[in-house]
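Letters A, B, ... are given to chains in the order of the sequence lines, protein chains preceding strands, and every chain is numbered from 1.
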Amino acid sequence: MAQEIYDPASVEKKWQDRWEDSGVFHAKSDFSLPKYYCLIEFPYPSGNGLHVGHPRSNTAMDIIARKRRMEGYNVLFPIGWDAFGLPTENFAIKNNIHPAIVTKKNVDHFREQLKMLGFSFDYTREVNTTDPEHFKWTQWIFLKLFERGLAYKTEMPINFCTQCKVGLANEEVVDNHCERCGGEVIQLVKSQWMLKITDYAQKLLDGLDDVDFIERVKTQQRNWIGRSEGAEADFQLSAAPEKLKVFTTRPDTLFGATYMVVSPEHPYIEKYADRISNIEEVRAYRKQAQGKSEFERTELNKDKTGVRLEGFDAVNPVTGKNIPIFVSDYVLMSYGTGAIMAVPAHDTRDWEFATKFGLPIIEVVAGGEDVQAAAYTDSANGVLVNSDFLNGLKVPEAKKKITQYLEELGIGKKTVNYKLRDWVFSRQRYWGEPIPLVHCPKCGWVPLPEEQLPLKLPETENFKPGENGESPLAGLTEWINTTCPHCGGPAQRETDTMPQWAGSSWYFLRYMDPHNHEALGSPEALAYWGPVDWYNGGMEHTTLHLLYSRFWHHFLYDIGVVPYAEPYAKRTSHGMILGENGEKMSKSRGNVVNPDDMVNEYGADAFRTYEMFMGAFDQAIPWSTRGVVGCRRFLDRVWKLQSMVQGEHEAALRVPLNKMVKKVGEDFEAMKFNTAIAAMMAFVNDAYAVGHLGKEDFKVLLQVLNPVAPHICEELWAALGEKTMVCQSKWPVYDEAYCTEQTREIAVQVNGKVRGRIEIAMDTPEEEMKALALSDEKVQAFLDGKQVVKVIVVQGKIVNIVVK
RNA sequence: GCGGGUAUGGCGGAACUGGCAGACGUGCAGGAUUUAGGUUCCUGUGGAGAGAUCCGUGUGGGUUCGAGUCCCACUACCCGCACCA
């Protein structure tokens, strides 16, 4: 028997060492075994160390990984470090220390903390995005994208602090000012590398049909990609021989287009500046709009603003009427064509704008209220009016007919538009993967030959970005100056680095074959381990990371590197852990809970159990240290069960045990960890009520509890005389015959209110249930003097007597 | 403003496809053990009422024999956002 008193400190370290020494959690490279790949998002090793949010996802997937091993799968449950990134770089600059040193220190700290929690990671497959052996392949993928024309350079604005003279991430910009120095932030246009994710918009959308992602995630991905069908239409300019192209999802309302709006950045404005009589006013408006970030520009603009382009009208192609053109910042250059036809009667934003500027509102779809009072936007049921040849048609038919009409005249066509934009891939930073391209005055942009990868970061003392928002690498002439791999002439390296997203877009593939020097992974390993069977992560990564990595994976599939298009078969999400006061945990709020303290005080198992027990896995839950105490008490009670073992099986516990095993298994799979643990607690309570339990009963409890609280279970398992570890045992099977009680007390209702109870066998026929219910004494009292209209009997559940 | 979510005891939460609301934990109260505190064990614990009973799942309607669960309208809070034409 193990010690009388449960002491996590002595138990936990011992088993962590045994797991490590025995290598029980190493994934085997025997590709004939049934495999299971469990994945968590690899952490960013921040200087603050582990946060209580990390163990939530980690424990959940650790439970699945441990259960799968017990079910006989060859499990891959890896860990790595998403280690490039801004905080490390900023820390390095501030403290004048190399980011690689900071990274190493943080990674070591994180690893130690994770080990302390007993996760069954295969540490032999660790990856680190900042390791040249890893980013060699990140650069390799980029070159493939470049080769296929999916990487291109274009002018894009960056946030630029006018005081620090450096480019800033969105996160560092608060209210148009630099988060660090408070200086004013402007938009500085720079030439940047872009990835054409938009080429994959449809594939990324279609791929969602074949994967098992929780619905919320699918919806968010779909909305982010934002496919919409509509039409393009050309409006002739009155003052120039050109046409203004718009995209609309409501071509049916074309007869109601009474004005147009272009984005302040629309190229026609400068192109025809000499024909716009109030061009200075327009430029002033544009300057104002540029001062705002896109988010501000759109959010703050509750009250519509705009300026008319004087003397520069357009012609509505179906009515032939001249209509004015406005500039307004509610139209964005980055979506559609940067210009819209405004139909105030049937679009809320247009209606607001028209009302403010006194523009005509013409109803072309009937079926709503007065369009002078509010826009009528229902596109399903309306019927066209005031629209010549469209009159009388329903909206969907009108859309078809007008689109055909525009196509015949050659001034429009059916189009699909996506909200998704191309991915800005350049960063003017030091701590990222160098972009392996060389610019040659003769040959243009030339990729580095594969054998020259990895292109490592140059050694330097200065990690600060250049004065004009340039990369810190821009000042390192020795590194920059090189020869063109194509013509051998003098050339210069690209100085921008890749965003943090690059490494995280494919890291999960590297786990499959992490030490391969010839390829990012052997075809056999990639075919065997992929796709990831279950990927859990935070909702905050639902759009960007998930979409970027799916994009890269689809691309790798298209060029034959991986044998399947979708990287993740299943994706789930966990809720955020809030501070004890119900607010988001943050240093500034002073409500941060440190995992180390919890482990020291209550043990890793109690901490893990609480993280899983605290509430619904997908919901945000406030932290409660009282809850950890409760979980520790439960484990103490489990510990004490070892002195209550008598014989092999306890008959009185047979049904509770089988029910519990069934529920725990099912609940783990559904990520209902809280109710699984509740079921185990209830079983322990049952055993206490009986006063003892069989040795085999206890072993089964240890087996199902083991994924949640592995250390204590190993200790108790060993104390029972078992030679192999509980994590190596077989997941227990339950007997369906003992999963339900033989008899049950059910309620008898009269007019829907519970009035009595009867004890019945589960298989009592309905007729008999009815007779029993009607003869119940308490029920009789409520039937007295009334007429029984109807009796509803649900077998094994309830009887409801309807009386008048 | 748009999109998505959530709302149940003092607190965290449970409730399968509509069938006994409050499992499990916490907190609280009482008891046992203990010199005492703590620990542990046992009992009770949605509200009102002496009681039979009545009232209770954010609000207001509805469907149903029966609604936390389904439908309609609303309110509050949380998350995301690129006014997406």
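- Across B/A14 and B/A23, the matching C1' atoms stand 5 Å from one another, rounded to whole Å.
- Between the side chain of A/Y610 and the backbone N or O of A/S624, at least one donor-acceptor pair lies under 3.5 Å.
- Of the two residues contacting RNA chain B, namely A/I677 and A/G336, the nearest-nucleotide position lying further toward the 5' end is that of A/I677.
- B/C41 and B/A21: their C1' atoms are spaced 30 Å apart (whole Å).
- Contacts of A/T198 classified as side-chain hydrogen bond (donor to acceptor under 3.5 Å, both in side chains), with partners at least two apart in sequence or in another chain: A/D422.
- Residue A/K245 has no polar side-chain atom (N or O) positioned under 4.0 Å from OP1 or OP2 of B/A85.
- Heavy atoms of A/A679 sit nowhere under 4.0 angstrom from any nucleic acid atom.
- Side-chain atoms of A/T675 lie closest to B/A15 of the nucleotides B/A15, B/G19, B/C84.
- Put simply, the side chain of A/T764 never gets that close to the backbone of A/M769: no donor and acceptor are under 3.5 Å apart.
- Taking atom P on both nucleotides, B/A76 is separated from B/U59 by 15 Å, rounded to a whole Å.
- Rounded to whole Å, the separation between the P atoms of B/C71 and B/U63 comes to 15 Å.
- Side-chain atoms of A/P622 lie closest to B/G12 of the nucleotides B/G12, B/C20, B/A85.
- Under a cutoff of 6.0 Å and an axis angle of 45°, A/R308 and A/F357 do not form a cation-pi pair.
- No side-chain donor-acceptor contact under 3.5 Å links A/T253 to the backbone of A/V343.
- A/I792 comes within 4.0 angstrom of a nucleotide base, judged by non-hydrogen atoms across all strands.
- The nucleotide whose nearest atom lies closest to any side-chain atom of A/K419 is, among B/G12, B/C84, B/C20, B/C84.
- Where A/A682 and A/K790 meet RNA chain B, the nucleotide closest to each residue was compared, and A/A682 sits on the side nearer the 5' end.
- Contacts of A/Q749 with the nucleic acid, taken as non-hydrogen atoms under 4.0 Å apart, include base atoms.
- Residue contacts for A/K672: at a heavy-atom cut-off of 4.0 Å it reaches the sugar-phosphate backbone alone, with no base atom in range.
- One finds a side-chain N or O of A/R637 lying less than 4.0 angstrom from the OP1 or OP2 phosphate oxygen of B/C41.
- When atom types are taken as modelled, the side chain of A/Y548 and the backbone of A/I197 share no donor-acceptor pair closer than 3.5 angstrom.
- Considering only side-chain N and O atoms, A/Y330 lies nowhere under 4.0 angstrom from the phosphate OP1 or OP2 of B/A85.
- The P atoms of B/C72 and B/C54 are separated by 32 Å, rounded to the nearest whole Å.
- A close approach under 4.0 Å does not occur between any side-chain nitrogen or oxygen of A/N223 and OP1 or OP2 of B/G4.
- With a glycosidic angle no more than 90° from 0, B/G9 adopts the syn conformation.
- Base pairing annotation: B/G1 forms a Watson-Crick or G-U wobble pair with B/C81, both donor-acceptor distances under 3.5 Å.
- Nearest to the side-chain atoms of A/A678 among the listed nucleotides B/G4, B/G19, B/A23 stands B/A23.
- Within the nucleic acid shown, A/S624 has no heavy atom closer than 4.0 Å to any nucleic acid atom.
- Between the side chain of A/T625 and the backbone N or O of A/W623 there is no donor-acceptor pair closer than 3.5 Å.
- Base pairing annotation: B/G60 forms a Watson-Crick or G-U wobble pair with B/C72, both donor-acceptor distances under 3.5 Å.
- At distances below 3.5 Å, at least one donor-acceptor pair connects side-chain atoms of A/K218 with backbone N or O atoms of A/L208.
- Contact annotation: A/T219 does not reach the phosphate of B/G3 (side-chain N/O to OP1 or OP2, under 4.0 Å).
- When distances run from any side-chain atom of A/A616 to the nucleotides B/A14, B/U17, B/A82, the shortest one goes to B/A14.
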Which pairs would a plain distance check flag for residues 749-760 of chain A, meaning a side-chain donor or acceptor within less than 3.5 Å of a matching protein atom at least two apart in sequence or in another chain?
unit_1, atom_1, unit_2, atom_2, d
A/N751, OD1, A/V803, N, 2.9
A/N751, ND2, A/V803, O, 3.4
A/E759, OE2, A/T743, OG1, 3.0

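- Here A/R222 lies out of heavy-atom contact (under 4.0 Å) with every strand.
- For B/G25, one of the phosphate oxygens OP1 or OP2 lies less than 4.0 angstrom from a side-chain nitrogen or oxygen of A/N685.
- Spacing between B/G25 and B/C79 at atom C1', rounded to whole Å, works out to 27 Å.
- B/G46 and B/G61 have their P atoms separated by 28 Å, with the value rounded to a whole Å.
- Using a 4.0 Å heavy-atom cutoff across all strands shown, A/R633 reaches sugar-phosphate atoms only and no base atom.
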What does the list of N/O pairs under 3.5 Å between the protein and nucleotides 54-56 of chain B look like, with a distance for each?
unit_1, atom_1, unit_2, atom_2, d
B/C54, OP1, A/R755, NH2, 3.2
B/C54, OP2, A/R755, NH1, 3.3

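- Taking each heavy atom of A/A257 and A/N316 in turn, the nearest pair found is O-ND2, 3.1 Å.
- No engagement by A/T543 is indicated, since no non-hydrogen atom pair under 4.0 Å with the nucleic acid exists.
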